[in-house]
Amino acid sequence: NCQVYRGYALAGSTSSWLQILADPLYQIFQASELWPRLREVIDFWKDDLVHLMPFLQPVLGPARPSQDWETNAHERALQGIAALLEILPRPDCPVLLLLDDIQWIDPFSRDLLLKLAKSGAIAGLTLVAAGRSQEVSPALQDWGQSILLEPLDREASHSLIKSMTESCPAEVRDWLV
């Protein structure tokens, strides 16, 4: 039994804090069975998380107004998200965090991933990140084990698309290929 969360970065989103973790965090906060374990961490870090990631407001509620939330916000948010990720894995239920297109990752998310990867402090959490090696930040290229996959040539791309669209009508499949 494993918890799997998938995040992805979007081209041009490097100015959006934690954009790559938006979907996983939203899924985590929506999982009602996690609330008892998350409550203490959320209560402590909620304002920072909602200020930095407004998309969490529908799940966490509004942040309290604060004049100085930006003071050390980066470091506080790193600590808050790390604290959340520390309580998710259980001995019987590890967490797999799949992150795609990290070549477009925002600087804040990059810092968080580096902090998590270098500390190795979160038992039961496995990070898997995929990105175009020639475009991934050098800081992220050396943070773990790498598997280099070369780009597909035209024929291999067509074969992959065909195999993934077998149930589609022939005219749709032909248009894609």
Side-chain angles (χ1 to χ4, degrees), residues 1-132 135-140 143-144:
N1 214 4
C2 178
Q3 301 171 72
V4 179
Y5 302 100
R6 182 177 183 270
Y8 53 91
L10 300 173
S13 67
T14 57
S15 63
S16 300
W17 280 26
L18 293 169
Q19 186 271 324
I20 197 167
L21 294 174
D23 285 346
L25 287 171
Y26 198 77
Q27 292 166 23
I28 289 165
F29 290 132
Q30 283 190 315
S32 60
E33 71 275 6
L34 297 175
W35 274 104
R37 294 194 338 239
L38 295 175
R39 176 63 57 203
E40 184 177 324
V41 173
I42 289 172
D43 288 346
F44 187 78
W45 300 101
K46 177 187 147 196
D47 294 332
D48 292 320
L49 294 172
V50 173
H51 277 298
L52 294 172
M53 297 169 286
F55 62 85
L56 292 176
Q57 185 172 341
V59 179
L60 298 181
R64 290 177 294 231
S66 173
Q67 298 297 330
D68 64 343
W69 77 268
E70 288 190 29
T71 305
N72 297 322
H74 185 267
E75 187 56 35
R76 283 196 327 267
L78 283 176
Q79 291 171 354
I81 292 168
L84 285 171
L85 293 175
E86 283 176 16
I87 63 171
L88 288 178
R90 298 185 320 261
D92 65 325
C93 190
V95 172
L96 176 60
L97 185 55
L98 305 171
L99 304 173
D100 199 6
D101 292 326
I102 64 167
Q103 70 271 13
W104 292 315
I105 198 169
D106 62 275
F108 184 84
S109 297
R110 181 196 62 228
D111 292 350
L112 176 64
L113 292 181
L114 290 172
K115 179 182 181 101
L116 293 173
K118 288 181 179 176
S119 73
I122 302 178
L125 174 67
T126 300
L127 296 172
V128 177
R132 298 178 188 156
E135 296 178 38
V136 171
S137 162
L140 290 174
W143 68 289

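Position 1 is the first residue of the sequence, and the numbers go up from there. Excluded from the calculations below are hydrogen atoms, water molecules and symmetry mates; all remaining heavy atoms, backbone and side chain alike, are included.
- Of the inter-residue distances, the one linking Leu97 atom CG with Leu125 atom CG reads 6.0 Å to the nearest 0.5 angstrom.
- Side-chain contact between Val128 and Leu96: present, with at least one pair of heavy atoms (C-beta onward) separated by less than 4.5 Å.
- Residues satisfying the salt bridge (Lys or Arg N to Asp or Glu O under 4.0 Å) criterion with Asp100, sequence neighbours excluded, are Arg6.
- By the 4.5 Å heavy-atom criterion applied to side chains, Val4 and Leu98 are counted as neighbours.
- Checking side-chain atoms of Asp101 against main-chain N and O of Trp104 turns up no donor-acceptor pair under 3.5 Å.
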